[in-house]
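Chain letters run A, B, ... following the sequence lines, proteins first and then strands; every chain starts at 1.
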2 protein chains.
Amino acid sequence: MPTTRSYRERCPIARALDAVGERWALLVVRELLLVPQRFSDLRRALPGASTNMLTDRLRELEARGIVRRRALRPPAASSVYELTGRGRELEPVIDALAAWGAGEPAPNDGSLTATSVLLFLRGSLRANPATPSLTVELALGDRIWTLGARDGEIEVAHDAPDAADATIRTDPETLNALVFDPGRLDAARAEGAAQVEGDVAGLRALLESAAVSARSLAGS
Amino acid sequence: MPTTRSYRERCPIARALDAVGERWALLVVRELLLVPQRFSDLRRALPGASTNMLTDRLRELEARGIVRRRALRPPAASSVYELTGRGRELEPVIDALAAWGAGEPAPNDGSLTATSVLLFLRGSLRANPATPSLTVELALGDRIWTLGARDGEIEVAHDAPDAADATIRTDPETLNALVFDPGRLDAARAEGAAQVEGDVAGLRALLESAAVSARSLAGS
DNA sequence: CCGCATCCGTTTCGATACTG
DNA sequence: CAGTATCGAAACGGATGCGG
């Protein structure tokens, strides 16, 4: 049964925590921030969450107008969960948490989802005004993403770009390592952990731009 | 016994929530954001939190380097809890939550602390670039605060200003109402809910500036 | 296989009472 | 004032089962 407890404060901070302060709630929002996901996608992304926990959180978030459930077109006997407009407004909260959390110690056995890495990469690039303009096609697992950097505006979308300057195929682990240490790019390519095509120098410069912010966040 | 569970993710968002995602943790940070507080101050500010809950959270936050316990000078047989530098870095998280939470429904029986109102007032003024420059002395309960607005820089401090343009003595409830509807200022003064001295017109303009942001936040 | 509902042991929460 | 002790209630976490 969904959780209903409240801090019973009129403070907006407490009200926000009443809505998304339950355990797992903000991680569900995080996973849905870049792309709608099915129940089983969320399970894979949040292996520590039990099924009934996920069901409860999704129901609560739906009841609060943060998440919406949408049926897929008839042939697919499934549905996806996606953020509502109100849910997307949580992005600044997620971004602030990511910036702060980068300074906390990481469990060395921790998992890492594609969404996590992409959000952190995006945040790092946004934090660096000198980020070069470039459109990158990112293939992580079986999903294709577009990373667009243009005049300091950084966007990540779950689709293939019309025209990519560079293409990289890798996994979240490797991409995360590259965000902190772009110097590993050649080693990752040699090991087969990453395949790169197109403007390799541009991609390298983009990663360097992210690394500047990423390292300063982690160091604080 | 303090909580030790973790999401076991290397995602910075999950790491942040590992540190401050437990129930009540961020409300403790909120209360300490503007001024160090004693245990009993926190109890009053968070009446829904049981004493052992507060003890647990304070110990955890202390262990994580977010809160520090400081003994007061000898005559006072007491100590205060205050944020560390790392703890103060949570301010953007708190601000983002406040901005989002203003759009959530408020329980009509909810309490409201001075800190809550001051943080929201500060956030509203910061969100409005047209905020007039003014120094206000704010007396809430038995505490004196300084609200300084200068060239768009808004600061709230727990002390008396060197020189105030205006002085207002009221309670958190009334101040919160004024942030949304400055038109009530005269009524509040007539009812004795607020006493104002000095540049009343300036204070009124400042409240109007806050109200513009406050209403747009609540309306979204 | 997907999306849940049910059951159950464990942890955390919340309220009250009590102590240095 | 600043906590500890205790205990029932709620939430969490994992396993299993069941209808599409």
**Message:** Quick check on D:dG3: is either OP1 or OP2 less than 4.0 Å from any side-chain nitrogen or oxygen of B:Y81?
**Reply:** yes
**Request:** Kindly say whether, by distance alone, the side chain of B:T51 makes a donor-acceptor pair under 3.5 Å with the base of D:dT4?
**Result:** yes
**Item:** Residues that B:Q37 engages under side chain to side chain donor-acceptor pair (under 3.5 Å), provided they are two or more places apart
**Value:** B:E31, B:R143
**Prompt:** Can you tell me how far C1' of D:dA2 sits from CE of B:M53, to the nearest Å?
**Reply:** 16 Å
**Fill in**
Sorted by chain and residue number, the side-chain contact (heavy atoms from CB on, under 4.5 Å) partners of A:R122 (sequence neighbours excluded) come out as A:L34, A:E91, A:D95, A:L119, A:R126, A:I154, A:V156
**Prompt:** Between C:dA15 atom P and A:R5 atom CZ, what is the distance in whole Å?
**Reply:** 11 Å
**Request:** Could you tell me which residues satisfy side chain to side chain donor-acceptor pair (under 3.5 Å) with B:S40, sequence neighbours excluded, listed by chain and number?
**Result:** none
**Message:** Please enumerate all residues that pass salt bridge (Lys or Arg N to Asp or Glu O under 4.0 Å) together with B:R44, with sequence neighbours excluded.
**Reply:** B:D41
**Message:** Test: salt bridge (charged side-chain N to carboxylate O under 4.0 Å, His left out). Region: residues 158-173 of chain B. Which pairs qualify, not counting sequence neighbours?
**Reply:** A:R10-B:E173
**Message:** Whether the A:R68 and A:T84 side chains hold a donor-acceptor pair (N or O, under 3.5 Å, no angle test) is what I'd like checked.
**Reply:** no
**Item:** Integer-rounded Å distance: D:dA2 P and B:R70 CZ
**Value:** 14 Å
**Asked** Quick one: B:N52 CG to C:dA17 C1', roughly how many Å, whole number?
**Response** 12 Å
**Heavy-atom neighbours of B:Q195 CD exceed 12 at 6.0 Å** = yes
**Within residues 55-69 of chain B, residues whose heavy atoms come under 4.0 Å of DNA chain D** = B:T55, B:R59, B:R69
**Asked** side chain to side chain donor-acceptor pair (under 3.5 Å) with B:R57: which residues, sequence neighbours excluded?
**Response** B:E60
**Prompt:** Between atom CG in A:L54 and atom P in D:dC12, what is the gap in whole Å?
**Reply:** 12 Å
**Prompt:** side chain to side chain donor-acceptor pair (under 3.5 Å) with B:E62: which residues, sequence neighbours excluded?
**Reply:** none
**Request:** For DNA chain D, determine which residues of residues 39-50 of chain B have any heavy atom closer than 4.0 angstrom to one of its atoms, and list them numerically.
**Result:** B:F39, B:S40
**With sequence neighbours excluded, residues passing side-chain contact (heavy atoms from CB on, under 4.5 Å) with A:R23** = B:R5, B:Y7, B:E22
**Item:** Partner set under side-chain contact (heavy atoms from CB on, under 4.5 Å) for B:P182, not counting sequence neighbours
**Value:** B:L207, B:E208, B:A211, B:R215
**Item:** Spacing of B:Q37 atom CD relative to D:dA2 atom P, expressed in whole Å
**Value:** 11 Å
**Message:** Counting only heavy atoms and a strict 4.0 angstrom limit, can you tell me which residues of residues 17-33 of chain B come near DNA chain C?
**Reply:** B:E22, B:R23, B:W24
